[in-house]
Amino acid sequence: MNERKLGILLSYLNITLHAVIGFLYVPLLLHYIGKSGYGLYQLMGSLIAYFGIMDFGLTAAVIRFYARYRALQDHEGMENILAVSLYAYGGATVLALLAGGVCYGNLDRIFGASMTAGELLEARRMFLLLLFNIAVSLSTMVFRSVIHAQEKFLFLKGLETVQLILQPVLVLLIVRPYPTALAVTVGQTALNVGLSLARLYYCFARLHVTIRFHYWNRELFQEFRKLALSAFVVAFMDQVFLKTNQVILGVVQGTGAVAVYSIASLVYMNYMPLSTAISGVYLPHVTRLVAQRRPMEELSALFIRIGRWQYYLLALAATGFILFGRQFIRLWAGPGFEESYRITLLIILPFTIDLIQNVGLSILQAMNQYDLRAKIYFLTGVLNLVLAIPLGIKYGGTGCALATGFSLLVGNGVLMNYFYGKYIGLDIWGFWKAIGQITLPVCLCLLAGYGIDLSLPGSGKLVFVLKILGYTFLYGAVLYTMVLNRDEKEKLRQLGRRFF
């Protein structure tokens with residue numbers, strides 16, 4: 001099994017672990033640090049996330065150009081691009097620290113009206129620790145990019161597995177004697193430093209990476225800058241869509257509203273990797289196809305093939321949440337989080353369009369046309385902000401989610417599909433024809449799922465698990481018999497023979 005396939009399998013193992021651990025971890029955090037403390041922890045995490053994207057898109061650019069040089073067996077180019085990138089990452093780290101210092105000096109002004117004096121004191125301490133965490137991540141990010149570009153997914157994803165298991169264990173050991181949001185941040189920072197050092201060691205000791213400046217290529221720099229800045233704009237807009245609503249709610253509603261929105265955020269942040277687990281390992285492969293000037297028909301076929309697999313998984317999760325999401329949140333987070341169900345649905349349904357097409361983002365990066373995505377995402381991000389502030393003030397978390405869902409539908413559902421077909425040449429009509437053929441059986445499964453829900457009355461955990469298992473079996477049986485093509489069935493059979 002090649003490392004790309006292994007990376008996909010490990011990604012889904014990590015998704016499962018993340019969901020299972022989160023199901024146990026979040027209620028324990030709420031128990032130890034309380035709803036207000038949990039809201040403060042999520043709020044500071046949302047704010048500091050903006051500094052985490054101040055690599056200015058370098059990660060995507062490093063992976064793309066390093067993979068291209070590697071495909072061409074240009075070792076001098078590989079060494080040179082890493083040297084240039086290392087200087088760039090150093091500059092990004094300094095800028096993040098300067099911007100973080102300015103933000104730290106204004107925390108009282110930003111949150112003074114919605115936080116108590118004790119919450120503000122703890123927020124300042126958490127912010128400093130998280131800023132240090134960001135500085136460590138940025139200054140060592142080039143090594144993660146190298147591991148990705150070399151498609152060493154066993155180590156890369158394996159390290160993520162270690163983090164998923166160790167982080168809640170370490171945090172819970174700390175919060176039991178010190179039940180504060182700050183203690184959670186201490187545990188996360190310690191683990192991040194350790195993992196960053198492990199990636200650095202792997203690059204030099206196992207991959208024998210050499211970083212050496214050889215030459216300055218103005219044309220290369222222009223291409224590198226174009227992709228990096230485009231990726232930065234997209235990353236920044238991702239924060240607008242995924243994190244800004246929590247900051248807005250923290251300013252206008254307080255930490256309780258942030259906690260409710262954060263529960264929904266955890267659900268859709270677990271939903272997203274069902275798609276990116278596949279597409280996330282394809283950038284080096286797509287870069288090779290583009291570097292070899294393969295025909296657009298081959299890229300379109302990959303776009304459709306991966307999109308189908310992503311839709312199978314996402315449709316199962318989305319319809320399952322429609323059916324059983326209320327009960328899931330009640331069992332998981334407890335009373336007081338009922339609004340999280342509405343918030344989640346308003347975001348994940350339109351978000352699905354982007355998630356089943358994100359191999360297209362790898363194609364844009366490989367073709368160095370990612371500025372198209374950046375321009376569209378910037379416009380839809382502005383639309384989200386314009387709508388989220390007044391709707392958040394009037395309707396709280398539901399209003400913010402409505403603004404985000406509508407913006408995602410306009411940007412990803414309409415504009416990106418137009419540009420994929422018009423300017424890139426992907427077979428968008430063929431893509432949506434394939435998705436449409438899957439959607440009708442999915443809707444039939446959803447209707448049958450209501451029957452499963454009604455036939456198993458009760459609200460206990462055992463009944464809930466039986467409903468989930470019953471619906472999953474029904475969904476798999478319907479899609480296998482009515483939707484999967486011959487090639488997809490054969491791939492499933494091969495997978496089954498490998499593991500059983």
Centroid-centroid distance, Phe321 to Tyr271, less than 6.0 Å: no

Sub-4.5 Å side-chain heavy-atom contact between [X] and [Y]:
X	Y	value
Ile435	Ile356	yes
Ile468	Phe464	yes
Met296	Leu299	yes
Arg308	Ile438	yes
Met416	Thr380	no
Ile353	Asn417	yes
Phe406	Val410	yes
Phe419	Ile376	yes

Which word best sums up how the rings of Tyr475 and Tyr471 line up, parallel for under 30°, tilted for 30 to 60°, or perpendicular for over 60°? tilted

Should we say atom CZ of Arg124 is surrounded by more than 12 heavy atoms from elsewhere, each under 6.0 Å from it? yes

Please determine whether the number of non-hydrogen atoms from other residues, nucleotides or ligands lying under 6.0 Å from atom CZ of Phe324 exceeds 12. yes

Going from [atom1] on [X] to [atom2] on [Y], what distance comes out if it is rounded to the nearest 0.5 angstrom?
X	Y	atom1	atom2	value
Leu182	Leu128	CG	CG	10.0 Å
Thr404	Leu409	OG1	CG	12.5 Å
Leu130	Phe127	CG	CZ	8.0 Å
Asn384	Leu379	CG	CG	13.0 Å
Met126	Thr185	CE	OG1	3.5 Å
Ile134	Asn192	CD1	CG	8.0 Å

Heavy-atom closest contact ([X] atom, [Y] atom, distance):
X	Y	result
Ala96	Leu138	CB-CD1, 3.8 Å
Val483	Pro441	CG2-CG, 3.5 Å
Leu195	Gln163	CD1-CB, 3.4 Å
Thr93	Ser139	OG1-N, 3.5 Å
Gly425	Ser300	O-OG, 4.0 Å
Gly430	Ile304	C-CD1, 3.9 Å

Could you verify whether a donor N or O on one side chain and an acceptor N or O on the other, from Asn412 and Gln357, lie under 3.5 Å apart? no

Would you tell me whether Thr352 and Tyr311 have side-chain atoms, one donor and one acceptor, within less than 3.5 Å of each other? no

Which residue, Phe303, Phe431, Trp432, forms the ring-ring contact (aromatic ring centres under 6.0 Å, His included) with Tyr420? Phe303

Kindly say whether Leu355 contributes a backbone atom to a donor-acceptor pair with the side chain of Asn358 at under 3.5 angstrom? yes

Pairs flagged by side chain to side chain donor-acceptor pair (under 3.5 Å) wherever residues 338-348 is involved - sequence neighbours left out: Glu339-Thr398

Side chain to side chain contact (heavy atoms under 4.5 Å, CB included) between Val442 and Thr319: does it pass, once the steps are laid out? CA-CA 8 Å; Val442 167; Thr319 54; 3.8 Å; yes

